[in-house]
Amino acid sequence: MAEKICLEDIQKSQQEAGDTWIKVGMATCGIAAGADKVYKAVLKEVESNGLNIPVMITGCIGSCYAEPLVEVKTSEGQFMYTGVDEAMVSDIVGKHVATGKSLPSGVPSDSFNEGQMRIAMRHCGIVDPESIDSYIGNDGYAALRKHLTEGTPEGVIEEMKKSGLRGRGGAGFPTFMKWTFASKSKSDEKYIICNADEGDPGAYMDRSILEGDPHAVVEGMILGGYAIGATKGFFYVRAEYPLAIRRLQKAIDACKKYGILGENIFGSSFSFDIEIRLGAGAFVCGEETALIASLEGKRGTPRPRPPFPTDKGAFEKPSVINNVETLANVSAILFKGGDWYGSIGVGKSTGTKVFAVTGKVKHSGLVEIPMGTTIRDVVFKICGGIAKEKKILAVQTGGPSGGVITEQYLDTPISYESLAELGSIMGSGGMIVMDEDDCIVDIAKFYLGFCVDESCGKCSPCRIGGKKMLGLLEKISEGKGELGDLDKLKQICHAMQKASLCGLGQTAPNPIVSTLRYFEHEYKAHITEHKCRAGVCQKLLKYLVVEDKCKRCGICQKICPADAIEGDRKSGFTVIQDKCIKCGSCLDSCKFDAIVKK
Amino acid sequence: MSEDARIEEVAAKWKDVPGSLIMALHEVQEKLGYVPRETAMELAKEMHVPLARIYEVLTFYSFFKLTPPGKHKVQVCLGTACYLKGAAKLVEELKDQLKINEGETTEDGMFELELVRCVGCCGLAPVVVIGEKVYGNVEPAEIASILSEYEK
Ligand SMILES: Cc1cc2nc3c(=O)[nH]c(=O)nc-3n(C[C@H](O)[C@H](O)[C@H](O)COP(=O)(O)O)c2cc1C
Ligand code: FES
């Protein structure tokens, strides 16, 4: 039996929890960097200093490069410590917390979000994701109660329409429209499904939100369920995210205990339940119809649309599928109002978007910015620019379905439209920064290889086209390409885009189309000059001994596993290209920089 | 508890939940580390689904294993962020040290090498996961010492 709860009482008790606390970031990334040891050390220090203050765990604030993170609040303000290890804990607790004066290494917490605006990630790093009370203490479930007790489903959809929110899972379809279709479908049962399959390799905002603030997504789902008249919700989560699954299950259980899930929620006539279903390692299951098949316990292969899921979805019932970040925005929108959200952003791209900025940037991590921020600001202002003082080559957005954006377009304000114009897409928010050491042909091959691996094989354009293109790219990267191959690539791209059954095959050519658009010269250099500018394509590499620098020590000859270095200490050494296996051992072993790769 | 009893338990839990075959298989794999053929047959009987349906699912999803896993599962991330930061070199190093290819298990059954696509820690790329422990910013030179944490 659910407890009777009063949101205000919980809020009050949370606020009374005090002005001094310690928080340790404990998302997968934090734990990987050693946060669990730090957390234990903090607990120990707090006890041995005889302090009576709360030590909380939180999710990821997004500054993954600086993990483990410990945040301290005293009357002086909030300070963040980065790269914390066990040794630092005794000072943080013994000095800062005990005396109330921050250490020189502490950074004011506000500075971490400069240039950003947190809506979907509003609580990440702030609430304890394993405590429903912590969420309620931060205005959680107030919007749900208000709409269930004072509003109507139509009212919820109206608010969503004002907000202009578009799906954050990739396609950018207006959320209110999807909900309107589903609400008009007549059926005894309807479902709302959260797509937490996060397949784009290189994007992890959905994991972070689920690990850092699962209740925000759960609240968004219940509101969506109410709007469309759903009886039940499903979370379809990647099995590769065990911590997210655990925290989500805990959140659902807590809601059931508080009567926020179950019969007659908040005394209204609305009843709703949520179940978690796991994926099993198939990228294509992020596609709506494949996801539905998988949710039903079958092979995750797509089917043609229509019928659209809002008419015939899971178990043949009308179903809405929304992304994690979309639902986390929903609960914020219905708390603060659609007009508020709609006033942020540019044109038809309202609100904020979370990006996982990785690759060759100094500060990789999650960044949430208002739409309209320029790509340059994200990469150079927020993420500190390119690491190791290298030159930027391009920024890739949209993962395996996206494209590259070159330096001259970095001042483009980010929106669904502007990215599409540049031949890329918003996608789910992967933003991979590449520098001069990266080879564009290799990147294209990487993404295509991913799609070939993940093609379900049901339709032939995707199954055969992908393999053929991969063959051509391999040929080019080995220096065996012909100029005619570029036309062949373009033809296959076109056929796959037009004829594939689902989004996977339709978008798999995008990285190639886009890199051909901006970097055709690099493809050509591979083909005609047998040159890989970045020195990435192994088969095109040549290792050479630089006569002037060689001290004739002979180490390279000893180390070469292929006996490809001929000569002796008198006459000098040369690399026999036919024998060389391009392992690079000679280059690594030379103390005099006398071996170069070209 | 005997294996059969455990399978019965899984089947009883999921039998009446529509479309829950994948969930049941997850539970089996969590208990046994993989899905042996006898177990699949047992499950087919208990859950009243044809064996072909079970194999159809098992062979589609890369997460499910049909052979016994090594004691420690070594996963190298080959997602975009990790790939750009040199994960391919980590794979080479691991293959060299463990003397196995991807998807194989060492002769002593200690390590199994698996290549995965993004474990969601891209900020720490390149990433290696052993069991549930995540190693970030891994250099090829560190592989030996990481593996030694698990030897015997
Ligand atoms: C191959 C493929 C993979 C996809 N992967 C995901 C994913 O991992 N997560 C996601 O939310 N949407 C993914 N999508 C988009 C979904 O099909 C769908 O548009 C989205 O979940 C709808 O939610 P939204 O309207 O809130 O964005 C994928 C689409 C395709 C074609
Ligand atoms: S790409 Fe390796 S963790 Fe994401």
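Reckoned from all heavy atoms, side chains included, excluding hydrogens, waters and symmetry mates. Letters go in sequence order (proteins before strands), and every chain restarts at 1.
A:Ala356 does not touch chain B: none of its heavy atoms, backbone or side chain, sits under 4.5 Å away. For chain A, no part of B:Leu25 is nearby; none of its heavy atoms comes within less than 4.5 Å. Of the two parts of A:Tyr447, only the side chain, counted from C-beta on, holds a non-hydrogen atom closer than 4.5 Å to a non-hydrogen atom of chain B. For chain B, the nearby part of A:Leu295 is the backbone; its heavy atoms alone come within less than 4.5 Å. For A:Ser294, the parts lying under 4.5 angstrom from a heavy atom of chain B are both the backbone and the side chain. Using a 4.5 Å cut-off between heavy atoms, A:Ile443 touches chain B through its side chain atoms alone. Only the side chain of A:Glu275 comes within contact range of chain B, with heavy atoms under 4.5 Å apart. For A:Ala203, the part lying near chain B is the backbone, with the side chain staying farther off; criterion is any non-hydrogen pair under 4.5 Å.
Checking side-chain atoms of A:Arg207 against main-chain N and O of B:Gly120 turns up a donor-acceptor pair under 3.5 Å. A distance-only check finds a donor-acceptor pair linking the side chain of A:Arg277 to the backbone of B:Gly19 [under 3.5 Å]. Of the possible donor and acceptor atoms, one in the side chain of B:Lys85 sits under 3.5 Å from a partner among the backbone N and O of A:Gly359. Looking only at distances, no side-chain donor or acceptor of B:Thr80 sits under 3.5 Å from a matching main-chain atom of A:Gly202.
Within a 6.0 Å sphere centred on NZ of B:Lys95, other residues, nucleotides and ligands contribute more than 12 heavy atoms. More than 12 heavy atoms of other residues, nucleotides or ligands lie within 6.0 Å of CD in B:Glu56, so this atom counts as buried by the packing criterion. Around NZ of A:Lys37, the count of heavy atoms belonging to other residues, nucleotides or ligands within 6.0 Å does not exceed 12. By the neighbour-count criterion of 12 heavy atoms within 6.0 Å, atom NZ of B:Lys45 is sparsely surrounded, having that number or fewer from other residues, nucleotides or ligands.
Nearest heavy atom pair, residue A:Leu278 against residue B:Met23, reads N-SD, 3.2 Å. Taking both residues in full, the closest heavy atoms of A:Thr28 and B:Cys121 are given as CG2-SG, 3.5 Å, listed atom of the first, atom of the second, then distance. Shown here for B:Tyr61 and A:Cys285, the closest heavy-atom pair between the two residues is CE2-SG, 3.8 Å. Closest of all the heavy-atom pairs between B:Ser62 and A:Gly281 is OG-O, 2.8 Å.
Partner of B:Leu84 under the side chain to side chain contact (heavy atoms under 4.5 Å, CB included) criterion, out of A:Thr358, A:Asp438, A:Asp435, A:Val433: A:Asp438 alone.
Side chain to side chain, B:Tyr83 and A:Asp442 meet the donor-acceptor criterion of an N or O pair below 3.5 Å.
Of the listed residues (B:Leu124, B:Val129, B:Thr59), the one with the most heavy-atom contacts under 4.5 Å to chain A is B:Leu124. Looking only at heavy-atom pairs under 4.5 Å with chain A, the residue among B:Cys122, B:Gly123, B:Gly136, B:Gly79 that has the most is B:Cys122. Chain B forms more heavy-atom pairs under 4.5 Å with one residue of A:Pro201, A:Gly297, A:Gly399, A:Ala280 than with any other, namely A:Ala280. Ranked by heavy-atom pairs under 4.5 Å with chain A, the first of B:Pro18, B:Ser20, B:Ala125 is B:Pro18. Taking A:Ala282, A:Pro242, A:Ser364, A:Ala239 one by one and counting their heavy-atom pairs under 4.5 Å with chain B, the maximum is reached by A:Ala239. Put simply, of B:Phe64, B:Phe60, B:Phe63, the one with the most heavy-atom pairs under 4.5 Å next to chain A is B:Phe60.
Rounding to the nearest 0.5 angstrom, the gap separating the CD1 atom in B:Ile22 from the CZ atom in A:Arg299 is 11.0 Å. Annotation: the span from B:Lys133 atom NZ to A:Asp36 atom CG amounts to 8.0 Å, rounded to 0.5 Å.
Seen from the ring of A:Phe446, B:Arg117 counts as a face-on cation partner, given the 6.0 Å and 45° thresholds.
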